[in-house]
Amino acid sequence: MDAVDILWVGLGGGIGSLLRWQIGRIIDGWAAGSSFKVGTFVINVTGAFLIAYISALLALGWEHRYGDVISSLVLTGVLGGYTTFSTMQLDAVKMAGAGRHGLAVVYLVVTVVAGLLAVVTGVALARA
Amino acid sequence: MWLPTVLVFVGGGCGAIVRELFMLMLGRYSAAFPVDIFAANVLACFLLGLVTGLHQENRASANAMFLISTGFCGGTSTFSSFIFGAYSEAMKPENLLLSILYVIASLVIGYAAAWLGLRATLRSRRA
């Protein structure tokens, strides 16, 4: 780890966050009126697929997250910045706050299950 | 449009660096339960709840939300590393249970942190 490595993570995190912001806006525009948070869901599932695909392709373990440009810039930076755990949780809190507790639980469980399926698919495709 | 873009970029970049610092500081203690990712996610959930509550009370501007909410909290927290880490550890039979615990603890404590953050700022108005 050195200063350049931290700069790669920062640059990637900035780019990934801009992607999340703009892609989220576009998807939520299409899904206007939906009580399910489609934008955050699609972003998290596609990010899960990409991290699994790239890691499996390059034979990088999940704990290998910095020290070279691909790990720092792409995996920890761009994909970490692109996906979000906090927005998913705040979405669930807002659903429950509106009295839709069941929807909040379904949203969290569906995101985790779809994320796992995306990871399995990504690993399988990279090894195919 | 240029200012929100800069704010989201800077906030997201700083958030990702904070997450890497968590990895550098806490990573050595984590095996099947990655405390670094867990801590970064829970911290971001609490902060996001806090700043969202402030925004609802008109005490945080739209630009503050771009910097802290969309940028910093989104950049600090990660779903991709969370779910890929959980999957990878669950593939090792000896780590399966701990990996399931990691997923459940992240969901429950992350949710509680976001709720607490939101409550803390909404309640401050009535105090």
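Just so we're on the same page: letters track the sequence lines, and every chain starts at 1. As a basis for the values below, the full set of heavy atoms in this structure was taken, side chains included, without hydrogen atoms, waters or symmetry mates.
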> Measuring heavy-atom distances to chain B, does A/Ile15 have an atom under 4.5 Å in its side chain, in its backbone, in both, or in neither?
Replying inline: both

> Do you know which of B/Ser106, B/Gly49, B/Cys14, B/Ala40 has the most heavy-atom pairs with chain A at a distance under 4.5 angstrom?
Replying inline: B/Ser106

> Contact part of A/Thr46 toward chain B, heavy-atom cut-off under 4.5 Å: side chain, backbone, both or neither?
Replying inline: neither

> Who wins among B/Ser80, B/Gly13, B/Ala114 for the most heavy-atom pairs under 4.5 Å with chain A?
Replying inline: B/Ser80

>> Are B/Tyr87 and A/Trp62 an aromatic pair, judged by ring center distance below 6.0 Å?
In response: no

>> Using the ring pair (Phe, Tyr, Trp, His ring centres under 6.0 Å) criterion, which residues pair with A/Phe49? Sequence neighbours excluded.
In response: A/Tyr53

>> Which residue in the set B/Ile109, B/Leu48, B/Leu107 passes side-chain contact (heavy atoms from CB on, under 4.5 Å) when paired with A/Gln89?
In response: B/Leu107

> Highest number of heavy-atom pairs under 4.5 Å with chain B: which of A/Thr83, A/Thr76, A/Leu7, A/Val120?
Replying inline: A/Thr83

> For the residue pair B/Gly71 and A/Ser17, what are the closest heavy atoms and their distance?
Replying inline: O-OG, 4.0 Å

> Would you call A/Ser86 and B/Phe46 a side-chain contact if the rule is heavy atoms closer than 4.5 Å?
Replying inline: no

>> Tell me if the aromatic rings of A/Phe85 and B/Phe79 count as close, with their centers under 6.0 Å from one another.
In response: no

>> Let's test your reading of the structure: which of B/Gly75, B/Gly85, B/Ala44 forms the most heavy-atom pairs below 4.5 Å with chain A?
In response: B/Gly85

>> As an exercise: rank B/Leu43, B/Thr5, B/Thr52 by heavy-atom pairs under 4.5 Å with chain A and give me the winner.
In response: B/Thr5

